[in-house]
Q: 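Encoded as structure tokens, here's the structure I'll be asking about.
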Amino acid sequence: MIYYVTPTYPRPEQVPELTRLAHTLMHVPRIHWIIADDQPRCSDIVSDILKRSGLPFTHIASPKPPTASNSTNFPRGVANRRAALSWLRENVQEGVLYFGDDDNTVDLQLFDEIRQTRKVSMFPVGLIGSYGVSAPIVKEGKVVGFFDSWPAHRTFPVDMAGFAINIKFLNPAATMPYIAGHEEDRFLVSLGIKLEDIEPLADNCSKVLVWHTRTAKYQKPSLKINIEKMDNITRYKNFVTL
Ligand code: UGA
Ligand code: MN
């Protein structure tokens, strides 16, 4: 079983993002979708998407700490991913964990690949940073380093969507820090992973099968000229304007 962990939060783009992701995951056999809501309670519109997908799922809620809302560079999706990790530790003994943001794009082939993860697998992620790709560097079938435009003294300079973990290795010490940009690295370090443990996937990390796509923020129309139209839009049940 693959446990696909998606942190999410309310905004106008949330329903379209999750709808698109649901439609990808609906093609994947033996997958369990864990949606971790950055909210005090599980939202009804998210829950509706989950139910309609027909996928096995778990919907949990765990909001970011209150200090986070004041900061622009706050680590995103940490409290909710941590809650998903606790849920997995309590409820699941075997399977593969993969973190997938609600706005990423995934090739179905990636799921066939990560299913084989024995300890930790890694693979390239497209549309990241100034190099365009973040990927492990593979020599003779072994990961020897990383190609990433933001090394930042990280042991594992990879994106959240660039690795999968066998749940057997989710030890009690495994955690994700509230440090923007360092969530992935510190999480992998907390698992006690070594470079030689990494299983390179996607044809020795030569293929991009997941992209860090980002959706342009919906710009509210000018309220002055469109006040009547805006009122109509806010009446749609699954259209969130903030
Ligand atoms: C990148 C990485 O892809 C994230 O996995 C990482 O958490 C993030 O950087 C970071 O270092 O903070 P990016 O595309 O820049 O992500 O950020 P978002 O897509 O806006 O957020 C990442 C995930 O967290 C998304 O699934 C989003 O829905 C969720 N999120 C975002 C929350 O749960 N709460 C928020 O307030 C914002
Ligand atoms: Mn994103």
Side-chain angles (χ1 to χ4, degrees), residues 3-22 24-25 33-43 45-47 49-50 57-85 87 97-106 110 122-135 146 148-154 156-165 175-190 208-218 240 242:
Y3 291 85
Y4 193 89
V5 172
T6 304
T8 192
Y9 71 111
R11 62 207 192 275
E13 300 82 18
Q14 184 183 36
V15 170
E17 306 279 28
L18 289 174
T19 300
R20 185 168 46 198
L21 181 55
T24 296
L25 301 182
W33 197 6
I34 302 179
I35 288 224
D37 229 324
D38 185 350
Q39 290 252 78
R41 299 186 50 196
C42 291
S43 101
I45 50 172
V46 171
S47 160
I49 293 171
L50 280 166
F57 70 85
T58 299
H59 189 185
I60 51 181
S62 178
K64 60 172 91 50
T67 46
S69 27
N70 309 323
S71 155
T72 46
N73 192 30
F74 195 78
R76 294 174 287 276
V78 174
N80 34 353
R81 281 198 204 95
R82 282 183 170 197
L85 289 174
W87 186 89
L97 156 65
Y98 182 53
F99 291 115
D101 290 359
D102 56 6
D103 53 350
N104 287 349
T105 305
V106 197
L110 186 72
M122 291 195 187
F123 34 87
V125 181
L127 302 180
I128 295 248
S130 54
Y131 295 171
V133 173
S134 165
F146 297 90
D148 187 285
S149 61
W150 191 67
H153 305 288
R154 293 181 293 170
F156 303 105
V158 296
D159 181 66
M160 200 63 80
F163 63 89
I165 303 287
T175 188
M176 193 169 284
Y178 285 101
I179 310 174
H182 293 264
E183 301 93 327
E184 300 87 347
D185 181 42
R186 299 288 181 90
F187 173 69
L188 290 163
V189 168
S190 79
V208 177
L209 297 175
V210 56
W211 293 265
H212 186 249
T213 37
R214 304 181 83 172
T215 300
K217 286 263 168 267
Y218 168 67
V240 184
L242 295 172

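The residues of the chain are indexed from 1 along the displayed sequence. Note: hydrogens, waters and symmetry copies are ignored here, and every other heavy atom, side chains too, is used. Note that ligands are numbered from 1 as they come in the structure, with each ligand's atoms numbered from 1 the same way.
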Q: Which word best sums up how the rings of Trp87 and Tyr3 line up, parallel for under 30°, tilted for 30 to 60°, or perpendicular for over 60°?
A: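 Answer is tilted, since the angle falls between 30° and 60°.
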Q: How does Lys64 reach ligand 1, by side chain, by backbone, by both or by neither, if only non-hydrogen atoms under 4.0 Å count?
A: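 For Lys64, only side-chain atoms sit under 4.0 Å from ligand 1.
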Q: Cation-pi between Arg11 and Tyr218: NZ/CZ under 6.0 Å from ring centre and within 45° of the ring axis?
A: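 No, Arg11 does not sit over the ring of Tyr218.
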Q: Could you tell me if the side chain of Val208 sits less than 4.5 Å from the side chain of Val133, heavy atoms only?
A: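 Contact flag for Val133/Val208 side chains = yes.
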Q: Compute the shortest N/O to N/O distance between Asp102 and ligand 1 and return yes if it is under 3.5 Å, no if not.
A: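 The answer is yes, given that Asp102 and ligand 1 share an N or O pair closer than 3.5 Å.
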Q: I'd like the name of whichever of Glu183, Arg76, His182, Arg81 reaches closest to atom 21 (O) of ligand 1 through any heavy atom.
A: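 Closest candidate by heavy-atom distance is Arg76.
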Q: Heavy-atom contacts under 4.0 Å between Asp159 and ligand 1: side chain, backbone, both, or neither?
A: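 Only the side chain of Asp159 comes within reach of ligand 1.
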Q: Does Ala180 reach ligand 1, in the sense of a heavy atom lying below 4.0 Å from it?
A: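 Not so, Ala180 does not reach ligand 1.
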Q: Closest non-hydrogen protein atom to atom 30 (N) of ligand 1, residue and atom name please, with distance?
A: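 Answer, as residue, atom name and distance: Tyr9 CD2, 3.4 Å.
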Q: Between Thr213 and Thr105, do the side chains contain an N or O donor and an N or O acceptor separated by less than 3.5 Å?
A: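 Yes, a side-chain donor-acceptor pair sits under 3.5 Å.
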Q: How far is atom 1 (C) of ligand 1 from its nearest protein heavy atom, and which residue and atom is that?
A: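 Looking at atom 1 (C) of ligand 1, the protein heavy atom closest to it is His212 NE2, 3.5 Å.
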Q: Considering only the protein, which heavy-atom contact is closest to atom 4 (C) of ligand 1, and what is its distance?
A: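 The closest one turns out to be Asp101 OD2, 3.2 Å.
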Q: Is there side-chain contact between Ile60 and Asp37, with heavy atoms separated by less than 4.5 Å?
A: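 No. Closest side-chain heavy atoms not under 4.5 Å.
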Q: Would you tell me which option among Thr215, Ile179, Asp103 has the nearest heavy-atom contact to atom 19 (O) of ligand 1?
A: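 Checking each option, the heavy atom nearest atom 19 (O) of ligand 1 is found in Asp103.
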Q: If you define the side chain from C-beta out and look only at heavy atoms, does anything of Ser62 sit under 4.5 Å from Arg82?
A: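 Of all side-chain heavy-atom pairs linking Arg82 with Ser62, none is under 4.5 Å.
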Q: Measuring only between side-chain heavy atoms, which start at C-beta, is Met176 closer than 4.5 Å to Glu184?
A: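 Not in contact.
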Q: Please state which protein non-hydrogen atom is closest to atom 33 (O) of ligand 1 and give its distance, to 0.1 Å?
A: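 Looking at atom 33 (O) of ligand 1, the protein heavy atom closest to it is Asn80 ND2, 2.9 Å.
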Q: What part of Arg214, side chain from CB on, backbone N/CA/C/O, both or neither, has a heavy atom under 4.0 Å from ligand 1?
A: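 It is the side chain that touches ligand 1; the backbone stays farther off.
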Q: Do any of the N, O or S atoms of Asp103 sit under 2.8 Å from the Mn ion (ligand 2)?
A: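 Short answer: yes, at least one N, O or S atom is under the cut-off.
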Q: How close does the nearest protein non-hydrogen atom get to atom 35 (C) of ligand 1, and which residue and atom is it?
A: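 Answer for atom 35 (C) of ligand 1: Asp38 OD2, 3.4 Å.
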Q: Which bit of Asn104 is near ligand 1, meaning a heavy atom under 4.0 Å away: side chain, backbone, both or neither?
A: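 Under 4.0 Å from ligand 1, Asn104 contributes no heavy atoms.
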Q: Please could you name the atoms of ligand 1 that Gly181 approaches to less than 4.0 Å, counting only its heavy atoms?
A: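 The atoms of ligand 1 under 4.0 Å from a heavy atom of Gly181 are 11 (O).
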Q: Can you confirm whether Tyr98 sits close enough to Met160 that some side-chain heavy atom of one is under 4.5 Å from a side-chain heavy atom of the other?
A: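 No, too far: nothing below the 4.5 Å cut-off.
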Q: Under 3.5 Å between any N/O of Pro7 and any N/O of ligand 1: does that happen in this structure?
A: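 Among all N and O atoms of Pro7, at least one is under 3.5 Å from an N or O of ligand 1.
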Q: Would you please indicate if the ring centroids of Phe99 and Phe187 are separated by under 6.0 Å?
A: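 Centroid distance Phe99-Phe187: below 6.0 Å, so yes.
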Q: Should Leu188 and Val158 count as side-chain neighbours, where that means a heavy-atom distance under 4.5 Å?
A: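 Counting from C-beta outward, Leu188 and Val158 do come under 4.5 Å.
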